K.L.:
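Once you've had a glance at the structure underneath, I'll fire off some questions.
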Amino acid sequence: MVYLNGHFIAKNKASISVMDRGFLFGDGVYEVIPVYQGKIFRLTEHLQRLQNSLDSIQITNPYTSKKWKEILTKLNHFSSESDQSLYLQITRGADTQRKHNFDILTPTVYIEANPLIAKTKSQLEVGFSAITRKDIRWHRCDIKSTSLLANILYAQEAKQHQVEEVILSRNNEITEGATSNVFILKDNTLFTHPTGPNILSGITRDLVISSAKACKLQLQKTPFSLKDIQHADGLWISSSTREIMPITLLDGQPINQGKIHPAWSCMYNHYQQLKND
Ligand code: PDD
């Protein structure tokens, strides 16, 4: 079952107009929200970020937070899986003709739920590989836009290179991953790029930041370079679907001699606790 514009219907029965601006222009925004043991994780934060994205592109939020919760909970109940990821997208809607500028339209709302199979600690402890590339995206990466051409090209490169993620840099500063936020650990300080137009402010990133103290780590929201990564004690990526993943090989070179710093284990445990709260 999926949700489309007020109706819960079978996925193969869901269709939209060819005039939908999401289809024609990628004119829309989205969220990916995890559900753990049937409970929607950090819904308030995701709905706030959705609101920010909608405001940035001048789409009026079609629903109140209460209504969003109702719809998401109902969709969630159609599945027997206790852990899921909810994908929701809102496009500007369908016009009568294709034109770049827009009038006020009725937004199209689409939501689907997919099983979420988080990696176990021992699967994560193996460590993952990444490559680096120049960040060629636009300067409003804070908007969770469905226009993801650059990101999908990076994801395809990751697939071709058989690596987990592509880590991006702009003017010699690491911004984020193609589909994740990035942290480095150096001398018990966690560094991550500050929020602003060059990164998506990840909900998982915020949880890592708020857990730093519990893992006896200092935190600095300051940019770092590729060189800093090469000398780091740890490199992690974070996202709602991947949680917190240690990267041990970057562009074929080991980080911290390929060893995972104990602070990652602390952060992992802390995150699992938050999921169970
Ligand atoms: N992506 N940065 C980018 C570019 C992302 O696409 C994502 C997540 C994040 C992490 O955000 P969060 O912690 O809120 O998931 C950062 C989702 C999972 C996706 O596009 O499927």
Side-chain angles (χ1 to χ4, degrees), residues 22 26 28-36 40-54 56 72 83-91 110-119 128 130-159 164-170 173-184 190 192-212 221 223 235-245 247 267-268 270-272 274-275:
V29 296
Y30 74 106
E31 276 297 322
V32 178
I33 314 175
V35 176
Y36 297 117
I40 306 173
F41 190 59
R42 296 299 185 267
L43 178 61
T44 310
E45 290 81 350
H46 281 279
L47 290 181
Q48 182 56 57
R49 186 172 65 187
L50 177 67
Q51 187 64 54
N52 296 345
S53 296
L54 288 168
S56 302
L72 294 169
D83 290 0
Q84 298 183 56
S85 85
L86 300 169
Y87 173 81
L88 77 85
Q89 82 163 49
I90 304 171
T91 74
Y110 173 70
I111 318 171
E112 63 173 41
N114 294 297
L116 178 62
I117 303 150
K119 286 197 162 53
F128 294 85
I131 51 174
T132 54
R133 290 291 180 266
K134 273 209 171 115
D135 194 341
I136 56 160
R137 300 171 305 161
W138 71 332
H139 290 268
R140 288 306 308 271
C141 298
D142 54 317
I143 302 173
K144 202 160 169 61
S145 161
T146 58
S147 311
L148 286 170
L149 259 187
N151 307 62
I152 62 174
L153 291 177
Y154 290 133
Q156 189 62 12
E157 252 194 302
K159 184 177 162 188
E164 183 64 31
E165 182 59 301
V166 178
I167 291 179
L168 306 173
S169 71
R170 215 190 268 277
E173 283 177 3
I174 301 297
T175 50
E176 59 179 339
T179 58
S180 62
N181 292 116
V182 178
F183 291 85
I184 58 166
L190 259 187
T192 193
H193 195 286
T195 48
N198 290 336
I199 68 161
L200 180 78
S201 179
I203 307 301
T204 323
R205 173 185 177 276
D206 283 344
L207 293 174
V208 172
I209 289 172
S210 60
S211 305
K221 294 178 200 166
L235 170 63
W236 308 341
I237 58 168
S238 70
S239 86
S240 292
T241 45
R242 285 188 286 199
E243 304 185 355
I244 308 149
M245 266 189 165
I247 303 293
M267 192 57 78
Y268 173 89
H270 211 260
Y271 195 78
Q272 300 311 307
L274 294 175
K275 279 165 62 175

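Computed from a prediction, not measured in an experiment: that's the story for all the values here. Remember, it's 1-based here, ligands and their atoms both numbered in the order they're listed.
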K.L.:
For ligand 1, is Cys141 a contact, meaning one of its heavy atoms is under 4.0 Å away?
P.N.:
no
K.L.:
Enumerate the salt bridge (Lys or Arg N to Asp or Glu O under 4.0 Å) contacts for residues 149-159, please, sequence neighbours excluded, ordered by first and then second residue.
P.N.:
Arg133-Glu157
K.L.:
Is there a polar contact, in the sense of an N or O pair closer than 3.5 Å, between Thr204 and ligand 1?
P.N.:
yes
K.L.:
Hey, is ligand 1 close enough to Ser240 that some N/O pair sits below 3.5 Å?
P.N.:
yes
K.L.:
Just heavy atoms, cut-off under 4.0 Å: does Asn181 contact ligand 1 by side chain, backbone, both, or neither?
P.N.:
both
K.L.:
Any chance you could measure Asp142, atom CG, to Arg49, atom CZ, to the nearest 0.5 Å?
P.N.:
11.0 Å
K.L.:
Run the contact test for Tyr87 against ligand 1 with a 4.0 Å cut-off on heavy atoms, strictly below, and give the result.
P.N.:
no
K.L.:
If you measure every N or O of Arg49 against every N or O of ligand 1, does any of those distances drop under 3.5 Å?
P.N.:
yes
K.L.:
Does Lys144 come within less than 4.0 Å of ligand 1, judged by its heavy atoms?
P.N.:
yes
K.L.:
What I want to find out is whether Lys275 reaches Glu243 closely enough, with some N-O distance under 4.0 Å, to be called a salt bridge.
P.N.:
yes
K.L.:
Mark yes or no for whether Glu164, through its side chain, and Ile247, through its backbone, hold a donor-acceptor pair below 3.5 Å.
P.N.:
no
K.L.:
Is the ring pair Phe183/Trp236 parallel, tilted or perpendicular, if the boundaries are 30 and 60 degrees?
P.N.:
tilted
K.L.:
For ligand 1 and Leu200, I'd like to know whether there is a polar contact (N/O to N/O, distance under 3.5 Å).
P.N.:
no
